[in-house]
Amino acid sequence: MVRVRFAPSPTGFLHIGAARTCFFNWLYARNREGTFILRIEDTDMARSSEEMTEGIIEGLRWLGLDWDEGPIFQSRRLPLYRQKAQELVEKGLAYSCYCTPEEIQERTKKTAGAGDFWGYDRFCLELSEKQRLRFESEGRAKAVRFLVPEGEIRYTDSIHGDITVDNKNIEDFVLLRGDGLPTYHLSVVVDDMESQITHVIRGDDHISNTPKQILLYQAFGAKPPKFAHLALILGPDKKKLSKRHGGTSVLEFRDQGYLPLAFLNFLAQMSWSPGEERIYTLEELVGKFALKKVSKGSPVFDLNKLEWLNGRLISGMSAEELTPLVRKEMQASNLWQETFAEEQKPWFDKMINLVKERSRTIRVFPKAAMPFLVDEITYDPAGVEKHLRDERLDTLLPLLAKDFQAMDEFSAPEIEQVLRKRAEEEGVKAALLIHALRMLVVGEPVSPGIFAVLELAGKEKTLERMSRLSDVRSLVEKKGE
RNA sequence: GCCCCUGUCGUCUAGCCUGGUCCAGGACACCGCCCUUUCAAGGCGGCAGCACGGGUUCAAAUCCCGUCGGGGGCGCCA
């Protein structure tokens with residue numbers, strides 16, 4: 001039975017790297033029909049906060065990564081860690097240390113360059129009873145250090161393969177701090193043992209920590225889990241992810257109009273290849289996931305790919321699926337009306353289907369819908385200059401308006417037919433009318449196909465906006481002065 | 001400084017384990033063409049890579065060694 005966990009520390013956001021670690025744990029659990037546990041590593045009281053915990057959980061919820069057990073809070077299990085540390089001291093596998101960081105630093109400085117000494121010098125390993133009592137009476141804080149044995153640690157990483165480290169490169173690390181709080185190494189191993197974690201899937205930054213933790217498992221007489229270390233995600237500058245490039249909370253991506261499924265596909269396809277490049281359903285990704293397939297090299301975060309994936313997802317979604325998302329976005333822009341969900345639903349669906357083809361994020365919907373919903377639109381000055389200055393429009397537009405007026409069914413194909421006929425009769429290119437209409441009705445030089453746009457706007461609105469030709473011209477002139 | 005990990009087009013990735021089918025495949029981005037009412041989408045085409053140097057071999061992106069580059073760790077942070 002596979003048991004995995006995601007164990008963030010609430011000292012920061014759920015950033016893209018953590019999200020990917022979480023996702024891969026989740027994928028593995030689901031793929032192997034195992035159990036996925038959420039654990040909050042909040043033993044660093046000074047830097048942890050409840051807000052961060054909530055933010056992380058909100059991020060996981062948004063991504064749809066559900067957990068089967070937890071969240072387990074380490075801060076509520078402190079006595080257990082103390083007990084476990086004590087257990088090792090009694091077995092002679094760990095020892096109390098009274099040294100202050102300053103003293104250690106002082107001694108290390110002295111021996112620097114002498115060769116072997118680079119870590120803790122084991123000053124407290126064999127304290128005489130007298131010295132020990134003196135330190136105690138001085139009221140010194142007492143930490144517990146692990147006694148690293150000689151030898152080497154060898155383990156097989158599911159992604160990297162065999163990794164060997166000589167124990168002489170591991171110092172007697174601290175298990176329990178002077179204030180009685182556990183360090184990461186202790187708490188992580190104690191909790192993973194108790195939760196019976198079978199696979200530890202985490203970032204590459206923990207590769208060097210793994211031997212220490214294996215040592216702890218051995219000391220506790222437990223079998224270490226399998227380890228899999230994911231290469232760290234890099235920014236576009238090939239440096240560690242920064243605030244500027246994806247180093248922020250995943251919720252930022254939600255707010256930018258990205259969809260969870262696109263984001264998860266992005267995370268997945270950043271580290272392995274499920275096959276062809278497209279959007280996969282969660283079920284497909286679960287089915288295809290395998291730790292051995294995860295690449296060893298560090299991927300560079302590429303926003304282009306995310307956008308492309310997101311755009312493909314949106315284009316492929318139905319109006320039905322898109323509506324709740326678009327609704328939220330429009331509510332934020334004060335453009336939503338309840339009738340869109342009722343009598344105007346057919347119209348609204350049509351609008352969504354028109355806009356979705358060219359949308360890479362949900363965010364563009366309100367702007368695209370704007371011209372259909374408000375009376376006063378804004379006009380792009382350059383577009384006006386380019387498409388509304390032709391004097392022939394002064395006579396053509398009224399003629400076209402009359403044509404439109406006479407139509408029974410104001411639908412896209414009918415509109416196109418009428419417009420092209422008029423253009424032909426007047427000996428002008430249809431494009432002249434099309435561009436002018438786009439500017440007048442939408443206000444922008446860019447929009448979905450104009451005939452569908454006009455149908456969506458409706459006859460009345462179309463005619464009203466066509467009649468504003470001279471107003472729009474002078475509006476822009478005024479601004480230009 | 002010491003230790004560990006890593007290195008295929010600008011970016012992601014397939015291939016590497018089990019050498020030949022790879023003068024390296026796909027995708028994003030970019031460029032061009034087609035379509036066309038604009039922008040997209042779509043279709044077609046293009047640009048571009050096995051970090052470098054040795055070795056093993058009839059044959060190396062694939063195996064071995066070294067160099068260089070990138071990343072991480074070396075905390076009474078996680």
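Below, chain A is the first sequence line, B the second, and so on; all start at residue 1. Computed from a predicted model, the values in this text were never measured in an experiment.
- Within the structure, the salt bridge (Lys or Arg N to Asp or Glu O under 4.0 Å) test picks out the following pairs touching residues 256-278 of chain A (sequence neighbours left out): E276(A)-R278(A), R278(A)-E284(A).
- No more than 12 heavy atoms of other residues, nucleotides or ligands shown are found within 6.0 angstrom of NZ on K226(A).
- For C33(B), the paired base is G43(B) (Watson-Crick or G-U wobble, both distances below 3.5 Å).
- Electrostatic pairing of E138(A) and R134(A) counts as a salt bridge here, judged by a charged N lying under 4.0 Å from a carboxylate O.
- Nucleotides C47(B) and U56(B) are separated by 36 Å at their C1' atoms, to the nearest Å.
- Pair check for G19(B) finds none; no Watson-Crick or G-U wobble contact set falls under 3.5 Å.
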Using a 4.0 Å heavy-atom cut-off to protein, can you give one letter per nucleotide of nucleotides 5-14 of chain B, 5' to 3': B if the base is in contact, S if only the sugar-phosphate is, - if neither? SS----SBSS
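- To the nearest whole angstrom, the two P atoms, one in C68(B) and one in C76(B), are 32 Å apart.
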Quick test: give all pairs of protein nitrogen or oxygen and nucleotides 60-62 of chain B nitrogen or oxygen below 3.5 Å, distance rounded to 0.1 Å.
none

Atom pairs and distances, donor-acceptor, side-chain atoms in residues 443-456 of chain A, under 3.5 Å, two or more places apart:
{"unit_1": "S447(A)", "atom_1": "OG", "unit_2": "R438(A)", "atom_2": "NH1", "d": "2.8"}
{"unit_1": "E455(A)", "atom_1": "OE1", "unit_2": "A412(A)", "atom_2": "N", "d": "2.8"}
{"unit_1": "E455(A)", "atom_1": "OE2", "unit_2": "K350(A)", "atom_2": "NZ", "d": "2.7"}

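- Residues passing the ring pair (Phe, Tyr, Trp, His ring centres under 6.0 Å) test with F365(A), sequence neighbours excluded: none.
- Contact annotation for S9(A): backbone-only contact, meaning every heavy-atom pair under 4.0 Å involves sugar-phosphate atoms and none involves a base.
- Comparing the C1' positions of G26(B) and C65(B) gives a spacing of 33 Å, expressed to the nearest Å.
- If you check C77(B), C76(B), G73(B) against the side chain of N209(A), the one that comes closest is G73(B).
- Applying the side chain to side chain donor-acceptor pair (under 3.5 Å) test to residues at least two apart or on different chains, none of the pairs has a partner in residues 288-303 of chain A.
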Between the protein and nucleotides 65-67 of chain B, which nitrogen or oxygen pairs are less than 3.5 angstrom apart?
none

Once each nucleotide of nucleotides 36-53 of chain B is scored for protein heavy atoms under 4.0 Å, what B/S/- sequence comes out, 5' to 3'? -BBBB-------------
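- In summary, the aromatic rings of F266(A) and F301(A) are positioned with their centroids under 6.0 Å apart.
- A distance of about 34 Å separates the C1' atoms of C30(B) and U67(B), rounded to the whole Å.
- T43(A) comes within 4.0 angstrom of sugar-phosphate atoms only, judged by non-hydrogen atoms across all strands, and of no base.
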Compile the donor-acceptor pairs under 3.5 Å between side chains in residues 210-220 of chain A and protein atoms, sequence neighbours left out, one pair per line.
{"unit_1": "T210(A)", "atom_1": "OG1", "unit_2": "R202(A)", "atom_2": "NH1", "d": "3.2"}
{"unit_1": "T210(A)", "atom_1": "OG1", "unit_2": "H206(A)", "atom_2": "O", "d": "2.9"}
{"unit_1": "T210(A)", "atom_1": "OG1", "unit_2": "I207(A)", "atom_2": "O", "d": "3.4"}
{"unit_1": "T210(A)", "atom_1": "OG1", "unit_2": "H229(A)", "atom_2": "NE2", "d": "3.1"}
{"unit_1": "Q213(A)", "atom_1": "OE1", "unit_2": "R202(A)", "atom_2": "NH2", "d": "2.6"}
{"unit_1": "Q213(A)", "atom_1": "NE2", "unit_2": "H185(A)", "atom_2": "ND1", "d": "3.4"}

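- Within 4.0 Å (heavy atoms only), H206(A) reaches at least one base atom of the nucleic acid.
- T100(A) is linked by a side-chain contact (heavy atoms from CB on, under 4.5 Å) to E102(A), E103(A), R140(A), counting only residues two or more places apart in sequence or in another chain.
- Counting non-hydrogen atoms under 4.0 angstrom, E171(A) reaches the backbone sugars and phosphates but no base.
- Pairs passing the salt bridge (Lys or Arg N to Asp or Glu O under 4.0 Å) check and including a residue from residues 152-166 of chain A, sequence neighbours excluded, read E152(A)-R154(A).
- The salt bridge (Lys or Arg N to Asp or Glu O under 4.0 Å) test with E194(A) is passed by exactly one of R77(A), R39(A), K84(A): R77(A).
- In this view, F123(A) satisfies the ring pair (Phe, Tyr, Trp, His ring centres under 6.0 Å) rule with no residue, not counting sequence neighbours.
- Aromatic ring centres of F289(A) and F24(A): separated by under 6.0 Å.
- Taking the C1' atom of each, C77(B) and A51(B) are spaced 35 Å apart, rounded to whole Å.
- Each of C99(A) and S208(A) was assigned the nucleotide of RNA chain B with the nearest heavy atom; the assignment lying further toward the 5' end belongs to S208(A).
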